[in-house]
Amino acid sequence: MSKSALPRRSVIVGAAATVVGWNAVGRSWAVEAPDPEAATVDTADTASDTASDTASGAASGADALARLPHLDGTLVADADALARFGGDFGHLVTAAPRAVLRPGSVRDVATLVGFARRHRIPVAMNGQSGTGETAELESHSSYGQAGVRGGVAVDSRGLDRIIRITPGRAVVEAGVTWAQLTDAALAKGWMPPCLTDYLHLSVGGTLSVGGIGGGVQRYGFQVDTVESVDVVTGTGELVTASASANRELFEAVLGGGGQAGLIVRATLRLVRARERALVLNLFYDDLGAYLADQKKVMLERRFDLQVGDVSRNAAGTGWRYKVEGVVHYDGTAAPDRAKLVRGLRCVAADTTFTDQTAREYAYRVDAFAGFLKGAGLWSQPKPWMSLFLPASATETFMREAMALLTPEDLGAGLLLFYPFRTDVFTRPMTVMPDESVGFHFDLLSFPFPGADHAAALRRNRRLYDRAVQLGGKRYLIGAIPDVTHADWRRHYGSRWGRVVAAKHRFDPAGILTPGQGIHS
């Protein structure tokens, strides 16, 4: 191609800047104006680390331009797209990409990753989750985990097909949300066995970190309900993996933080849907009684779903603990309420029961999310942190944490706190405490404006270090600062060798999901 045949390359103002190639000399994208009359800015006159670098210098010549292979979708580098993919739900870290892939097919992701590998360009999948309104869509990582500074963000919303639902099974693309899958499955009498509390998250996003919800005691993480996945590895290969085929890759990507491959499609197990949900709220003022009863009802399998949370008591003088138990049933065969609370040490006068449809319960968080959005708190910085504690050390940790945390630390948020059996977690990358029972400590703070977020991050680090000292582990979504190579080795323990081996085999150029900061 002659120099005169090169596409006009510039930073496009107010228009979608479609990428046509990569300038290997300037290590920048070549973009083409969709409208010859579009206003442009000479790249020599702009110092932006994002927009200016999307334009290659035409003077580099044809030999410097690696043409982008054919895509069914588009690779864009306009300022609006780069800004939208530069942050996340936590609003604590900014890591703007230099281009955004809007895939028109699964093949696009493989094509782009293969191209990116050849040119050492980092790539990360971004769920852009939310209720469907463009202004509300964003990555639901909380500390830059889905960020890809200077690289390519893959907008998984382009992969939003529910391919099929059959008895006991669903096949979906990675950008489908759990809300979309829930409604499609319910229409046929089925339900995902373990749902996240907030359903408007992408399937690929939660499977990349584990996926936790109230069904964890029965079913494990969402990754434990996966039968197979289609994965784009860091070499650009599209591979189908399961427990019986390409098992190393299967185990590396489920809960693996996007380090060995990008999940583009999944086959998931479904369970028969029940019509109704009886919801019990049991309250405790004594931590010891709460821990004992939570463990008791879990081991007895008294509830179908079981969570819990911590909040300030009415007097504001201390903390109160709540068990939330759910029993699903059909028709008029409601469960015996007295039997469900028999032998428990909760404050009987405060016990409440709510009877609703199973779908109403599944979508229970939407009203709370609407309140937070209306109050302007949804878009505020949120230093979330999720930990898994061994049961033997949970009371010690909680008493220390409760002495440290203040109402301002929670803001309008909450602290989820409930037990699980560690034997239900079958995927190697989702490491758990080395005991048969653990507790989930999930600090979901929504601080009010003016909060000291730097202090909150220091608090998170202090709590994380104490949890690790007591045998705890972390969930990959949390906002924990200054995580080191030694921290990651300690987190994965005896599985660290598998993490390193999978990274080297499936992502030899080290381009995938750098925002996780997993130093292998």
Set of residues satisfying salt bridge (charged side-chain N to carboxylate O under 4.0 Å, His left out) with respect to R399, sequence neighbours excluded: E395
Charged N-O contact under 4.0 Å between E227 and R269: no
Audit row: Y329, D355, side-chain hydrogen bond (donor to acceptor under 3.5 Å, both in side chains) steps and yes/no: CA-CA 10 Å; Y329 69 97; D355 202 321; 2.5 Å; yes
Smallest separation among heavy atoms of Q259 and T513, with atom names: NE2-O, 3.0 Å
Lys/Arg-Asp/Glu bridge criterion (N-O < 4.0 Å) met for D80, R84: no
Point-to-point distance, once rounded to the nearest 0.5 Å, from SG of C194 to CG of L268: 11.5 Å
Y290/Y321 under ring pair (Phe, Tyr, Trp, His ring centres under 6.0 Å): CA gap, chis, key distance, verdict: CA-CA 7 Å; Y290 173 81; Y321 308 89; 5.4 Å; yes
Non-neighbouring partners of K322 that pass side-chain contact (heavy atoms from CB on, under 4.5 Å), sequence neighbours left out: N281, F283, D309, E324
Stepwise side-chain hydrogen bond (donor to acceptor under 3.5 Å, both in side chains) check, T177 with S202: CA-CA 4 Å; T177 67; S202 69; over 6 Å; no
Basic-acidic side-chain contact under 4.0 Å: R458, D482: no
Donor-acceptor side-chain pairing of T196 and T206 below 3.5 angstrom: no
R218 with D304: basic N within carboxylate O range, under 4.0 Å: yes
Nearest heavy-atom neighbours spanning A401 and F441: CB-CE1, 4.2 Å
Check against side chain to side chain contact (heavy atoms under 4.5 Å, CB included), L282 and L344: CA-CA 9 Å; L282 314 175; L344 302 181; 3.7 Å; yes
V347 and R320: CA distance, side-chain angles, deciding distance, side chain to side chain contact (heavy atoms under 4.5 Å, CB included) verdict: CA-CA 11 Å; V347 180; R320 199 169 213 212; 3.8 Å; yes
Shortest non-hydrogen contact between Y475 and V209, atoms and distance: CE1-O, 3.1 Å
Under 3.5 Å side-chain donor-acceptor pair for D293 and Y284: yes
From V431, I518, V468, residue fulfilling side chain to side chain contact (heavy atoms under 4.5 Å, CB included) relative to H491: V431
Salt-bridge criterion met for D423 and R421 (N-O under 4.0 Å): yes
Shortest non-hydrogen separation from W319 to L405 and the atoms involved: CZ2-O, 3.5 Å
Ring pair (Phe, Tyr, Trp, His ring centres under 6.0 Å) assessment of F89 paired with W378: CA-CA 8 Å; F89 184 68; W378 193 260; 5.0 Å; yes
Rounded distance (nearest 0.5 Å) linking atom CG of L92 with atom NE2 of H453: 7.0 Å
Under 3.5 Å side-chain donor-acceptor pair for S445 and D409: no
Y198/L201 under side chain to side chain contact (heavy atoms under 4.5 Å, CB included): CA gap, chis, key distance, verdict: CA-CA 7 Å; Y198 182 66; L201 304 177; 3.8 Å; yes
No-hydrogen, no-angle side-chain donor-acceptor test under 3.5 Å, H91 and E138: yes
From R427 atom CZ to E251 atom CD, the distance as rounded to the nearest 0.5 Å: 7.5 Å
Cation over ring face, R364 and Y361, 6.0 Å, 45°: yes
Residues E300, K296: salt bridge by 4.0 Å N-O rule: yes
Worked verdict on T166 versus W190 for side chain to side chain contact (heavy atoms under 4.5 Å, CB included): CA-CA 9 Å; T166 56; W190 296 89; over 6 Å; no
For P122 against R149, the heavy-atom pair lying closest together: CG-O, 4.2 Å
Flag, side chain of R102 to backbone of V76, donor-acceptor distance under 3.5 Å: no
Pair S139-D88, side-chain donor/acceptor within less than 3.5 Å: no
Distance in Å, Q128 CD paired with D155 CG, rounded so as to fall on 0.5 Å steps: 5.5 Å
Partner of F388 by ring-ring contact (aromatic ring centres under 6.0 Å, His included), out of Y418, F439, F420: F420
Lys/Arg-Asp/Glu bridge criterion (N-O < 4.0 Å) met for D183, R359: yes
CG-OG distance between L159 and S156, expressed to the nearest 0.5 angstrom: 6.5 Å
Considering all heavy atoms, the nearest A456-P383 contact: CB-CG, 3.6 Å
